[in-house]
S.K.: 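Got a structure here, written out as C-alpha coordinates. Questions coming.
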Amino acid sequence: MRSDLPFSGPIFELIDSVLRDEAAYRQFRAGRVGRPALAALLDGRAAALKARGVPANDVHFAKRFPASIDGIVAESLETLARCGVIPRADYPAALMDEVASTIRHRFDHRGQGTYIYPEEGRLLLGIAHAVVARSAVFLGSYYGYWAAWALRPILAAGGRAVLVDPDPVVCEIARRNLHRIYPPERVEIVVATGEAYMARTHDRFDLVVLDAELPRDHPDTARRGKGIYFHLLQAALPHLAERATLVCHNILFADHSGARFFDEVIGRNELELGPFKALVASEFDRFVELPTTEGVGVGIRTSRCPTAHV
Ligand SMILES: C[S@@+](CC[C@H](N)C(=O)[O-])C[C@H]1O[C@@H](n2cnc3c(N)ncnc32)[C@H](O)[C@@H]1O
(Lines give C-alpha, C1' and ligand atoms only; values in the text may rest on other atoms or scores of the structure.)
Protein backbone atom coordinates (compact mmCIF):
# COMPACT_ATOMS: atom_id res chain seq x y z
CA MET A 1 0.00 0.00 0.00
CA ARG A 2 1.68 3.25 -1.08
CA SER A 3 0.77 6.92 -1.18
CA ASP A 4 1.29 9.36 -4.05
CA LEU A 5 4.32 10.71 -2.23
CA PRO A 6 7.82 9.61 -3.29
CA PHE A 7 8.75 8.78 0.31
CA SER A 8 7.30 6.90 3.25
CA GLY A 9 7.22 7.95 6.92
CA PRO A 10 8.16 11.42 8.14
CA ILE A 11 9.83 13.59 5.47
CA PHE A 12 12.06 14.92 8.27
CA GLU A 13 13.72 11.54 8.72
CA LEU A 14 14.51 11.35 5.01
CA ILE A 15 15.99 14.86 4.86
CA ASP A 16 17.86 14.33 8.12
CA SER A 17 19.34 11.05 6.83
CA VAL A 18 20.78 12.84 3.79
CA LEU A 19 22.19 15.80 5.75
CA ARG A 20 23.20 14.23 9.03
CA ASP A 21 26.90 13.80 8.11
CA GLU A 22 27.27 17.32 6.75
CA ALA A 23 29.38 19.56 9.01
CA ALA A 24 27.23 22.64 8.32
CA TYR A 25 24.05 20.76 9.26
CA ARG A 26 25.56 19.50 12.50
CA GLN A 27 26.82 22.97 13.34
CA PHE A 28 23.38 24.44 12.66
CA ARG A 29 21.67 21.87 14.86
CA ALA A 30 24.25 22.58 17.59
CA GLY A 31 23.51 26.32 17.37
CA ARG A 32 27.04 27.14 16.16
CA VAL A 33 26.08 28.59 12.77
CA GLY A 34 22.99 30.49 11.74
CA ARG A 35 20.11 29.84 9.35
CA PRO A 36 21.91 31.28 6.26
CA ALA A 37 24.45 28.43 6.54
CA LEU A 38 21.59 25.89 6.62
CA ALA A 39 19.95 27.53 3.59
CA ALA A 40 23.25 27.50 1.64
CA LEU A 41 23.76 23.83 2.49
CA LEU A 42 20.24 22.94 1.36
CA ASP A 43 20.63 24.83 -1.93
CA GLY A 44 23.94 23.05 -2.50
CA ARG A 45 22.50 19.61 -1.71
CA ALA A 46 19.11 20.12 -3.43
CA ALA A 47 19.92 17.69 -6.25
CA ALA A 48 21.01 14.96 -3.82
CA LEU A 49 17.88 15.46 -1.71
CA LYS A 50 15.60 15.31 -4.77
CA ALA A 51 17.39 12.17 -5.97
CA ARG A 52 16.50 10.56 -2.63
CA GLY A 53 12.81 11.44 -3.09
CA VAL A 54 12.51 14.79 -1.34
CA PRO A 55 10.01 16.95 -3.31
CA ALA A 56 11.60 20.24 -4.49
CA ASN A 57 9.34 22.39 -2.29
CA ASP A 58 10.36 20.49 0.80
CA VAL A 59 14.00 21.38 0.29
CA HIS A 60 12.84 24.97 0.94
CA PHE A 61 10.71 23.97 3.92
CA ALA A 62 13.87 22.46 5.47
CA LYS A 63 15.25 26.02 5.59
CA ARG A 64 12.72 26.54 8.41
CA PHE A 65 14.03 23.64 10.51
CA PRO A 66 14.54 24.61 14.15
CA ALA A 67 18.14 24.36 15.35
CA SER A 68 16.90 22.55 18.44
CA ILE A 69 13.66 20.55 18.48
CA ASP A 70 13.42 20.72 22.29
CA GLY A 71 14.24 24.42 22.10
CA ILE A 72 11.42 25.37 19.74
CA VAL A 73 8.93 23.22 21.66
CA ALA A 74 9.83 24.97 24.93
CA GLU A 75 9.77 28.43 23.30
CA SER A 76 6.45 27.74 21.56
CA LEU A 77 4.77 26.57 24.76
CA GLU A 78 6.13 29.64 26.55
CA THR A 79 4.72 31.87 23.80
CA LEU A 80 1.32 30.18 24.06
CA ALA A 81 1.27 30.49 27.85
CA ARG A 82 2.36 34.14 27.69
CA CYS A 83 -0.44 34.90 25.21
CA GLY A 84 -2.98 33.13 27.42
CA VAL A 85 -3.67 30.40 24.84
CA ILE A 86 -2.60 27.62 27.20
CA PRO A 87 -2.57 27.79 31.00
CA ARG A 88 1.01 26.57 31.55
CA ALA A 89 4.29 26.30 29.67
CA ASP A 90 5.83 23.34 31.48
CA TYR A 91 5.67 20.03 29.65
CA PRO A 92 6.37 16.36 30.28
CA ALA A 93 9.76 16.03 28.55
CA ALA A 94 10.22 12.36 29.52
CA LEU A 95 6.77 11.47 28.15
CA MET A 96 7.59 13.30 24.91
CA ASP A 97 10.77 11.25 24.52
CA GLU A 98 8.90 8.04 25.29
CA VAL A 99 6.12 8.79 22.79
CA ALA A 100 8.70 9.82 20.17
CA SER A 101 10.52 6.53 20.63
CA THR A 102 7.32 4.46 20.48
CA ILE A 103 6.20 6.23 17.31
CA ARG A 104 9.62 5.93 15.70
CA HIS A 105 9.94 2.23 16.37
CA ARG A 106 6.36 0.99 16.30
CA PHE A 107 4.34 3.18 13.96
CA ASP A 108 3.76 1.33 10.70
CA HIS A 109 3.40 3.94 7.94
CA ARG A 110 2.46 1.32 5.35
CA GLY A 111 3.98 3.35 2.52
CA GLN A 112 2.37 6.68 3.50
CA GLY A 113 4.44 9.80 4.01
CA THR A 114 3.92 12.66 6.45
CA TYR A 115 4.90 16.31 6.66
CA ILE A 116 4.41 16.41 10.41
CA TYR A 117 7.84 17.43 11.72
CA PRO A 118 9.22 16.23 15.07
CA GLU A 119 8.68 19.58 16.79
CA GLU A 120 5.06 19.62 15.55
CA GLY A 121 4.37 16.21 17.07
CA ARG A 122 5.92 17.18 20.39
CA LEU A 123 4.14 20.51 20.39
CA LEU A 124 0.73 18.86 19.97
CA LEU A 125 1.53 16.54 22.87
CA GLY A 126 2.60 19.52 24.99
CA ILE A 127 -0.58 21.45 24.17
CA ALA A 128 -2.87 18.47 24.91
CA HIS A 129 -1.05 18.05 28.23
CA ALA A 130 -1.21 21.75 29.13
CA VAL A 131 -4.94 22.17 28.43
CA VAL A 132 -5.77 18.74 29.91
CA ALA A 133 -7.75 17.83 26.81
CA ARG A 134 -10.45 15.23 27.47
CA SER A 135 -12.46 15.27 24.29
CA ALA A 136 -10.42 15.69 21.12
CA VAL A 137 -11.42 15.59 17.49
CA PHE A 138 -8.94 15.38 14.61
CA LEU A 139 -10.43 16.54 11.31
CA GLY A 140 -8.32 15.33 8.40
CA SER A 141 -6.60 12.80 10.63
CA TYR A 142 -4.92 11.10 7.61
CA TYR A 143 -3.26 7.91 8.89
CA GLY A 144 -3.25 8.97 12.53
CA TYR A 145 0.37 10.07 12.76
CA TRP A 146 -0.18 13.53 14.30
CA ALA A 147 -2.93 12.23 16.57
CA ALA A 148 -0.58 9.49 17.80
CA TRP A 149 1.52 12.19 19.49
CA ALA A 150 -1.41 13.60 21.47
CA LEU A 151 -3.22 10.46 22.63
CA ARG A 152 -1.13 9.69 25.70
CA PRO A 153 -1.97 12.89 27.63
CA ILE A 154 -5.59 12.79 26.44
CA LEU A 155 -6.15 9.23 27.62
CA ALA A 156 -4.14 9.81 30.80
CA ALA A 157 -6.62 12.60 31.63
CA GLY A 158 -9.45 10.08 31.27
CA GLY A 159 -10.42 11.47 27.88
CA ARG A 160 -11.21 10.20 24.42
CA ALA A 161 -10.41 11.10 20.85
CA VAL A 162 -12.16 10.86 17.49
CA LEU A 163 -10.15 10.76 14.28
CA VAL A 164 -12.13 11.72 11.17
CA ASP A 165 -11.04 11.34 7.56
CA PRO A 166 -13.05 10.44 4.43
CA ASP A 167 -10.28 8.20 3.05
CA PRO A 168 -10.90 4.58 4.20
CA VAL A 169 -7.36 3.50 3.29
CA VAL A 170 -5.65 5.95 5.63
CA CYS A 171 -8.28 5.34 8.33
CA GLU A 172 -7.42 1.63 8.23
CA ILE A 173 -3.73 2.43 8.78
CA ALA A 174 -4.67 4.67 11.72
CA ARG A 175 -6.87 1.90 13.14
CA ARG A 176 -4.13 -0.76 12.83
CA ASN A 177 -1.59 1.46 14.56
CA LEU A 178 -3.67 3.08 17.25
CA HIS A 179 -5.92 0.20 18.26
CA ARG A 180 -2.83 -1.93 18.92
CA ILE A 181 -2.10 0.48 21.77
CA TYR A 182 -5.34 2.20 22.76
CA PRO A 183 -8.85 0.86 23.46
CA PRO A 184 -11.16 1.40 20.44
CA GLU A 185 -13.89 2.81 22.67
CA ARG A 186 -11.56 5.68 23.61
CA VAL A 187 -9.94 6.24 20.21
CA GLU A 188 -12.64 6.21 17.57
CA ILE A 189 -11.74 6.27 13.90
CA VAL A 190 -14.48 7.52 11.62
CA VAL A 191 -14.50 7.35 7.83
CA ALA A 192 -16.33 10.57 6.92
CA THR A 193 -15.73 14.17 6.01
CA GLY A 194 -15.39 16.41 9.02
CA GLU A 195 -18.50 18.30 7.95
CA ALA A 196 -20.60 15.11 7.77
CA TYR A 197 -19.29 13.87 11.12
CA MET A 198 -19.99 17.19 12.84
CA ALA A 199 -23.51 17.29 11.39
CA ARG A 200 -24.42 14.01 13.08
CA THR A 201 -22.48 14.02 16.36
CA HIS A 202 -23.92 15.34 19.63
CA ASP A 203 -20.50 15.49 21.29
CA ARG A 204 -18.62 18.58 22.39
CA PHE A 205 -14.87 18.90 22.01
CA ASP A 206 -12.27 20.75 24.03
CA LEU A 207 -9.48 20.14 21.50
CA VAL A 208 -9.96 20.42 17.74
CA VAL A 209 -7.03 19.56 15.49
CA LEU A 210 -7.24 20.54 11.82
CA ASP A 211 -4.99 19.02 9.16
CA ALA A 212 -7.41 18.27 6.32
CA GLU A 213 -6.46 19.18 2.80
CA LEU A 214 -8.04 18.83 -0.63
CA PRO A 215 -6.35 18.74 -4.03
CA ARG A 216 -5.75 22.18 -5.54
CA ASP A 217 -7.80 21.18 -8.60
CA HIS A 218 -10.82 20.18 -6.46
CA PRO A 219 -14.05 21.24 -8.24
CA ASP A 220 -15.23 23.26 -5.21
CA THR A 221 -12.79 26.16 -5.44
CA ALA A 222 -13.61 27.37 -1.91
CA ARG A 223 -12.48 24.05 -0.45
CA ARG A 224 -9.23 23.66 -2.42
CA GLY A 225 -6.03 23.03 -0.48
CA LYS A 226 -6.42 24.39 3.03
CA GLY A 227 -9.61 26.26 2.04
CA ILE A 228 -11.37 23.29 3.67
CA TYR A 229 -10.33 24.62 7.13
CA PHE A 230 -13.04 27.31 7.03
CA HIS A 231 -15.78 24.73 6.37
CA LEU A 232 -14.48 22.36 9.04
CA LEU A 233 -14.22 25.06 11.66
CA GLN A 234 -17.71 26.33 10.83
CA ALA A 235 -19.04 22.79 11.23
CA ALA A 236 -17.13 22.32 14.51
CA LEU A 237 -18.17 25.61 16.19
CA PRO A 238 -21.53 24.35 17.57
CA HIS A 239 -19.66 21.40 19.08
CA LEU A 240 -17.00 23.29 21.00
CA ALA A 241 -16.78 22.94 24.77
CA GLU A 242 -16.98 26.12 26.83
CA ARG A 243 -13.22 26.35 26.69
CA ALA A 244 -11.79 24.89 23.50
CA THR A 245 -8.34 24.81 21.98
CA LEU A 246 -7.79 24.78 18.23
CA VAL A 247 -4.54 23.44 16.75
CA CYS A 248 -3.98 23.69 12.99
CA HIS A 249 -1.18 22.50 10.76
CA ASN A 250 0.12 24.67 7.89
CA ILE A 251 -0.59 28.05 9.40
CA LEU A 252 2.21 29.96 7.75
CA PHE A 253 1.76 33.69 7.23
CA ALA A 254 5.18 34.78 8.46
CA ASP A 255 8.53 33.29 7.50
CA HIS A 256 11.77 33.40 9.42
CA SER A 257 13.97 31.60 6.87
CA GLY A 258 14.31 34.48 4.43
CA ALA A 259 13.77 32.14 1.44
CA ARG A 260 11.88 33.88 -1.38
CA PHE A 261 10.02 30.59 -1.93
CA PHE A 262 7.78 31.47 1.02
CA ASP A 263 6.46 34.65 -0.63
CA GLU A 264 4.38 32.40 -2.86
CA VAL A 265 3.39 30.04 -0.02
CA ILE A 266 2.20 32.98 2.08
CA GLY A 267 0.32 34.48 -0.90
CA ARG A 268 -1.46 31.17 -1.48
CA ASN A 269 -2.22 30.81 2.24
CA GLU A 270 -3.71 34.33 2.33
CA LEU A 271 -6.08 33.29 -0.46
CA GLU A 272 -6.95 29.78 0.74
CA LEU A 273 -7.06 30.53 4.45
CA GLY A 274 -8.50 34.06 4.31
CA PRO A 275 -12.09 33.04 5.24
CA PHE A 276 -10.75 30.70 7.95
CA LYS A 277 -8.64 33.50 9.39
CA ALA A 278 -11.67 35.83 9.48
CA LEU A 279 -13.79 33.16 11.20
CA VAL A 280 -11.09 32.56 13.80
CA ALA A 281 -10.80 36.32 14.37
CA SER A 282 -14.53 36.58 15.10
CA GLU A 283 -14.92 33.41 17.17
CA PHE A 284 -11.68 32.90 19.09
CA ASP A 285 -10.15 34.94 21.89
CA ARG A 286 -6.65 34.55 20.51
CA PHE A 287 -4.86 32.70 17.75
CA VAL A 288 -1.08 32.42 17.56
CA GLU A 289 1.13 31.28 14.71
CA LEU A 290 4.18 29.26 15.77
CA PRO A 291 7.29 29.11 13.53
CA THR A 292 7.57 25.34 13.18
CA THR A 293 8.80 23.89 9.89
CA GLU A 294 5.33 23.90 8.30
CA GLY A 295 3.76 26.40 10.69
CA VAL A 296 1.25 25.57 13.42
CA GLY A 297 -1.60 27.83 14.55
CA VAL A 298 -3.07 27.54 18.04
CA GLY A 299 -6.19 29.29 19.26
CA ILE A 300 -8.28 29.47 22.41
CA ARG A 301 -12.01 30.08 22.58
CA THR A 302 -13.78 30.64 25.85
CA SER A 303 -17.56 30.61 25.83
CA ARG A 304 -18.20 34.31 25.10
CA CYS A 305 -15.21 36.24 24.03
CA PRO A 306 -15.47 37.00 20.34
CA THR A 307 -12.71 39.65 20.24
CA ALA A 308 -9.72 38.02 18.74
CA HIS A 309 -6.34 38.85 17.29
CA VAL A 310 -4.95 36.72 14.51
C1 LIG B 1 -2.95 14.24 3.31
S2 LIG B 1 -3.47 14.83 4.87
C3 LIG B 1 -2.42 16.20 5.08
C4 LIG B 1 -1.02 15.69 5.34
C5 LIG B 1 -0.55 15.96 6.72
N6 LIG B 1 -0.30 17.39 6.86
C7 LIG B 1 0.72 15.22 7.03
O8 LIG B 1 1.77 15.67 6.60
O9 LIG B 1 0.68 14.20 7.72
C10 LIG B 1 -5.00 15.58 4.52
C11 LIG B 1 -6.16 14.66 4.81
O12 LIG B 1 -7.34 15.46 4.78
C13 LIG B 1 -8.37 14.58 4.43
N14 LIG B 1 -9.57 15.36 4.10
C15 LIG B 1 -9.88 15.95 2.94
N16 LIG B 1 -11.09 16.55 3.04
C17 LIG B 1 -11.53 16.35 4.29
C18 LIG B 1 -12.70 16.72 5.00
N19 LIG B 1 -13.67 17.42 4.42
N20 LIG B 1 -12.84 16.32 6.27
C21 LIG B 1 -11.86 15.60 6.88
N22 LIG B 1 -10.72 15.23 6.24
C23 LIG B 1 -10.57 15.60 4.97
C24 LIG B 1 -7.79 13.76 3.30
O25 LIG B 1 -8.51 12.56 3.09
C26 LIG B 1 -6.37 13.53 3.81
O27 LIG B 1 -6.23 12.28 4.45
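From a predicted model like this one, the values you see are computed outputs, not experimental measurements. Counting starts at 1 for both ligands and their atoms, in listed order. Reckoned from all heavy atoms, side chains included, excluding hydrogens, waters and symmetry mates.
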S.K.: For atom 19 (N) of ligand 1, what is the closest protein heavy atom, and at what distance to 0.1 Å?
M.R.: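 Among all protein heavy atoms, the one nearest atom 19 (N) of ligand 1 is Glu195 OE1, 2.9 Å.
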
S.K.: Nearest to atom 15 (C) of ligand 1, what protein heavy atom do you find, and at what distance?
M.R.: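 Looking at atom 15 (C) of ligand 1, the protein heavy atom closest to it is Glu213 O, 3.2 Å.
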
S.K.: So, Arg122 and Asp70, do they make that salt bridge, N to O below 4.0 Å?
M.R.: yes

S.K.: Is the Lys NZ or Arg CZ of Arg176 less than 6.0 Å from the centre of Tyr143's six-membered ring, within 45° of the axis?
M.R.: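 Ring-cation test returns no.
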
S.K.: Tell me, please, whether Phe253 has Lys277 positioned over its six-membered ring: NZ or CZ under 6.0 Å from the ring centre and within 45 degrees of its axis?
M.R.: yes

S.K.: Whether Asp206 and Arg301 form a salt bridge (side-chain N of Lys/Arg under 4.0 Å from carboxylate O of Asp/Glu) is what I want to check.
M.R.: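 A salt bridge is absent here (no side-chain N lies under 4.0 Å from a carboxylate O).
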
S.K.: In terms of residue, atom name and distance, what is the protein heavy atom nearest to atom 6 (N) of ligand 1?
M.R.: Asp211 OD2, 2.7 Å

S.K.: Has Arg260 got more than 12 heavy atoms of other residues, nucleotides or ligands less than 6.0 Å from its CZ?
M.R.: no

S.K.: Should you measure from each heavy atom of Leu232, which atoms of ligand 1 turn up under 4.0 Å away?
M.R.: 20 (N)

S.K.: What residue and heavy atom of the protein are closest to atom 27 (O) of ligand 1, and at what distance?
M.R.: Asp165 OD2, 2.7 Å

S.K.: Below 4.0 angstrom, N of the basic side chain to O of the carboxylate: do Arg160 and Asp203 qualify?
M.R.: yes

S.K.: Taking Asp21 first and then Arg26, would you say they form a salt bridge - that is, a charged N and a carboxylate O separated by under 4.0 Å?
M.R.: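 Salt bridge between Asp21 and Arg26, a charged N being under 4.0 Å from a carboxylate O: yes.
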
S.K.: Using a strict 4.0 Å cut-off to heavy atoms of Ile228, name the atoms of ligand 1 that fall inside it.
M.R.: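 Listed by number with element: 19 (N).
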
S.K.: Does a side-chain N-to-carboxylate-O contact under 4.0 Å join Lys226 and Asp211?
M.R.: yes

S.K.: Looking at atom 20 (N) of ligand 1, what's its closest protein heavy atom, distance included?
M.R.: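 The closest one turns out to be Gly194 N, 2.8 Å.
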
S.K.: What residue and heavy atom of the protein are closest to atom 16 (N) of ligand 1, and at what distance?
M.R.: Leu214 CD2, 3.6 Å

S.K.: Provide, to 0.1 Å, the distance between atom 9 (O) of ligand 1 and the closest protein heavy atom, together with that atom's residue and name.
M.R.: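 Scanning the protein heavy atoms, the shortest distance from atom 9 (O) of ligand 1 goes to Thr114 OG1, 2.7 Å.
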
S.K.: Closest non-hydrogen protein atom to atom 8 (O) of ligand 1, residue and atom name please, with distance?
M.R.: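 Going atom by atom, the protein heavy atom closest to atom 8 (O) of ligand 1 ends up being Tyr115 N, 2.5 Å.
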
S.K.: Quick one: which of Tyr142, Phe138, Tyr117 has a heavy atom closest to atom 1 (C) of ligand 1?
M.R.: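 Considering heavy atoms of Tyr142, Phe138, Tyr117, the nearest to atom 1 (C) of ligand 1 sits in Tyr142.
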
S.K.: Any idea which atoms of ligand 1 are less than 4.0 Å away from a heavy-atom of His249?
M.R.: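 Matching atoms, with element in brackets: 6 (N).
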
